[in-house]
Amino acid sequence: MYTFTTAHVFATGPGGDMQWCFSQVKGAIDDDVAEADIISTVEFNHTGKLLATGDKGGRVVIFQQEIENKNQPQFRSEYNVYSTFQSHEPEFDYLKSLEIEEKINKIRWLPQKNAAQFLLSTNDKTIKLWKISERDKRPEGYNLKEEDGCYKDPNTITSLRVPVLIPMDLMVEASPRRVFANAHTYHINSISVNSDNETYLSADDLRINLWHLEITDRSFNIVDIKPANMEELTEVITAAEFHPHQCNTFVYSSSKGTIRLCDMRASALCDKHSKLFEEPEDPSNRSFFSEIISSISDVKFSHNGRYMMTRDYLSVKIWDLNMENRPVETYQVHEYLRSKLCSLYENDCIFDKFECCWNGNDSVVMTGSYNNFFRMFDRGQRRDVTLEASRENSKPMQVLKPRKVCAGGKRKKDEISVDSLDFNKKILHTAWHPQDNIIAVATTNNLYIFQDKVN
Amino acid sequence: MEVNVEARRILAVSISKLYASRTQRGGLRLHRSLLLSLVMRSARDIYHSSRESEESTGAHSAPEEPMDTSSSPGEQTRLSEAQHEPQPALNSAELAPEEPDNADDCCDRDTTEDKENLSPVKQSRKRRGKASAAPDFLPSKRARLEPGEERYAAPLGSCRAGAGESLTTLSLNRVIPAF
């Protein structure tokens, strides 16, 4: 059940500054969260007109942007539900006596080629290609059938007519066009569509497979890091992505904090990387949990293809593809948590996998944190801001006030202390419109849409 | 000493997490299991090295307690980890650096000793070694007798104890499920 509020969204700020305003919130208001409604992925399509979310219950909801006053710079846009469908159902692997969760791990849109839209959605084991198409006309005037579909008595037909298409209320249909199954022994963590628009990759903990969008009964294994003896396992694949322009290049990140760039032209099996991106560990930060917090949870190429961003537990790092030995920029997301790692280990929060995203022109990056906070880092202006997605800040025209966490010492007014943070309220999934300053931020079961308005 | 206490606590927490993850929907997560085992290894190393320094000052080590081995061999180490009491868990964790080969050596040594002692009782025809070291709950295979032979009681006591030990060894490597 969706309730949402919309708001006038323009606000002014000093030139060049971004001021984020509340736009909409989707999802149930009540605090009692049904597990199936927990949002597990958020993704804009290539134009930003469509916004897809996946949840733990295997459902995909697509919102469509409707713009008022399109020609004016201060336009108001609103995302409304466009289509809802059940993408994955729970399954059972009888051989291993394991249940396969229906949770949607990732959604990736295909670039639009015709009137229909296509997206890939995946759970732990199976990837599906969905076609979302509109139907706004229906045929009327069949010769052999009545309007209700019953067949006429042929003896009563005395004339012949051509059925006509008449307008009808818009219907959006989602149909599964391809099912890519049985190719992953381990849990799928990533899918990425190639710039050639014909192939895509899917990655699990130990292997990466290359698929053709038209072919479902086979895939090529391009990376395999499974050791001969599983007892020697030291790292797993945590994320993978194709380069936005070079169709032969992809990267994958590991639980050890390394990123490998591979060139598919080099060999069929890309176990040998072309580049290895790794930053030496700071020995002063060594703890029981060093390995866990260095595990990379997300990797994203910049839109221009020159950089990539990685997210580990405490930081976001920007890497120049031409420099392997260290990142060019490092941003601390919530350094105040470093002294709390033991508690975060006990309550399982240290295993949370945060995602990150770039804005359209690669000048700002965004990622989530706890207490429904999310962080933006402006690379050019070297500024960062902490904002909060909450129902309290969801009044019409409301500008989001920057938040601040007090790490220790005297807490100033309006600051929140580390011990007061709600670690159950986490923002793992965020998305940025490919062209405009519109962002979608997912709390546990709500989707917030914020917009920036600059005069 | 505080590090020691911390290490023990982390080890106990890790073991309970590992056990809990077995019942998770969607099955064991390899990534999570790996991270848990890395933390356990760090904690175990710290605890081990602090125990060594304790022992060198004259402290005695706590006795080992038998582990519950009531499931398939692959699962045994994980079930033994399910013991929530830190003491037996940590004791078994100490055995982790030992390779399974130690258990083999133990069996071989017993066999060698038996041969050297020239026991008057005829030796069991069961093959010794890790491969045939069956836990108590599995029916033991009986060797086929050749014509004229009689069945004697098999002097397996020492070897079986050795086998039992090998199965209760907590090898952190085995935390990673073999798919």
Side-chain angles (χ1 to χ4, degrees), chain A residues 35 56 90-93 95-103 105 123-125 184-189 204-207 225-227 229-239 254-256 286-297 313 341-343 345-348 350-353, chain B residues 2-18 20-47 49-50 71-72 74-75 77-78 96-101 169-179:
Chain A
E35 197 173 318
K56 249 190 151 185
E91 285 174 57
F92 198 78
D93 181 340
L95 198 61
K96 293 183 192 158
S97 286
L98 283 178
E99 197 179 356
I100 299 169
E101 276 190 284
E102 66 277 28
K103 173 169 78 94
N105 293 336
N123 68 350
D124 284 338
K125 298 286 182 182
H184 285 280
T185 308
Y186 304 96
H187 296 105
I188 297 174
N189 52 54
D204 66 28
D205 293 316
L206 297 179
R207 297 189 178 104
I225 64 167
K226 183 178 178 180
N229 182 1
M230 278 296 274
E231 295 182 8
E232 292 163 19
L233 183 74
T234 55
E235 67 182 324
V236 297
I237 297 168
T238 52
S254 84
S255 54
K256 271 190 171 171
R286 190 103 186 86
S287 76
F288 284 117
F289 310 105
S290 297
E291 280 120 340
I292 300 189
I293 63 169
S294 63
S295 177
I296 291 172
S297 51
Y313 191 64
L341 293 180
C342 196
S343 315
Y345 179 70
E346 285 178 40
N347 66 14
D348 264 4
I350 207 173
F351 297 103
D352 286 334
K353 294 186 181 158
Chain B
E2 251 194 51
V3 174
N4 187 14
V5 168
E6 182 77 349
R8 276 177 55 168
R9 198 167 67 83
I10 288 171
L11 206 46
V13 167
S14 307
I15 286 165
S16 65
K17 279 190 193 302
L18 210 52
S21 64
R22 295 180 67 234
T23 54
Q24 238 175 15
R25 251 191 110 212
L28 264 170
R29 301 258 154 196
L30 190 62
H31 186 195
R32 185 184 163 91
S33 305
L34 177 66
L35 294 178
L36 283 173
S37 72
L38 291 173
V39 172
M40 286 169 70
R41 194 170 292 163
S42 300
R44 181 207 71 198
D45 290 344
I46 302 273
Y47 182 76
S49 56
S50 69
S71 82
S72 63
E75 304 276 90
T77 52
R78 266 171 267 132
E98 292 174 12
E99 295 297 324
D101 292 325
T169 299
L170 174 62
S171 167
L172 285 179
N173 289 329
R174 293 214 195 96
V175 162
I176 309 301
F179 277 85

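- The ring-ring contact (aromatic ring centres under 6.0 Å, His included) search around A/F288 returns none, not counting sequence neighbours.
- The closest donor-acceptor contact from the side chain of B/H31 to the backbone of A/S295 lies at 3.5 Å or more, if one exists at all.
- Heavy-atom distances place both the backbone and the side chain of A/D348 under 4.5 Å from chain B.
- In this structure, B/L38 CG and A/T234 OG1 are separated by 8.5 Å, a value rounded to the nearest 0.5 Å.
- Side-chain contact check for B/L34 versus A/D205: every heavy-atom pair is 4.5 Å or farther apart.
- Ranked by heavy-atom pairs under 4.5 Å with chain A, the first of B/D45, B/I46, B/I10, B/V13 is B/I10.
- For B/R25, the side-chain contact (heavy atoms from CB on, under 4.5 Å) partners two or more places apart in sequence, or in a different chain, are A/P90, A/E99, A/E101, A/E102.
- Interface remark: A/K353 contributes side-chain atoms only to the contact with chain B (heavy atom separation under 4.5 Å).
- Closest of all the heavy-atom pairs between A/H187 and B/G27 is CE1-O, 4.4 Å.
- Here the straight-line distance linking atom CD of A/E231 with atom OG of B/S37 works out to 11.5 Å at 0.5 Å rounding.
- Residue contact with chain B, scored on non-hydrogen atoms closer than 4.5 Å, involves the side chain of A/L206 exclusively.
- Using a 4.5 Å cut-off between heavy atoms, A/T238 contacts chain B through its side chain alone, with no backbone atom that close.
- In this structure, chain A has a heavy atom under 4.5 Å from the side chain of B/R9, while its backbone stays farther away.
- Heavy atoms from other residues, nucleotides or ligands lying under 6.0 Å from CD of B/Q24 number more than 12.
- Interface residue A/Y345: backbone and side-chain heavy atoms are both found under 4.5 Å from chain B.
- Of the inter-residue distances, the one linking B/L35 atom CG with A/I350 atom CD1 reads 9.0 Å to the nearest 0.5 angstrom.
- Counting heavy atoms from C-beta outward, B/R29 and A/V236 have side chains that stay 4.5 Å or more apart.
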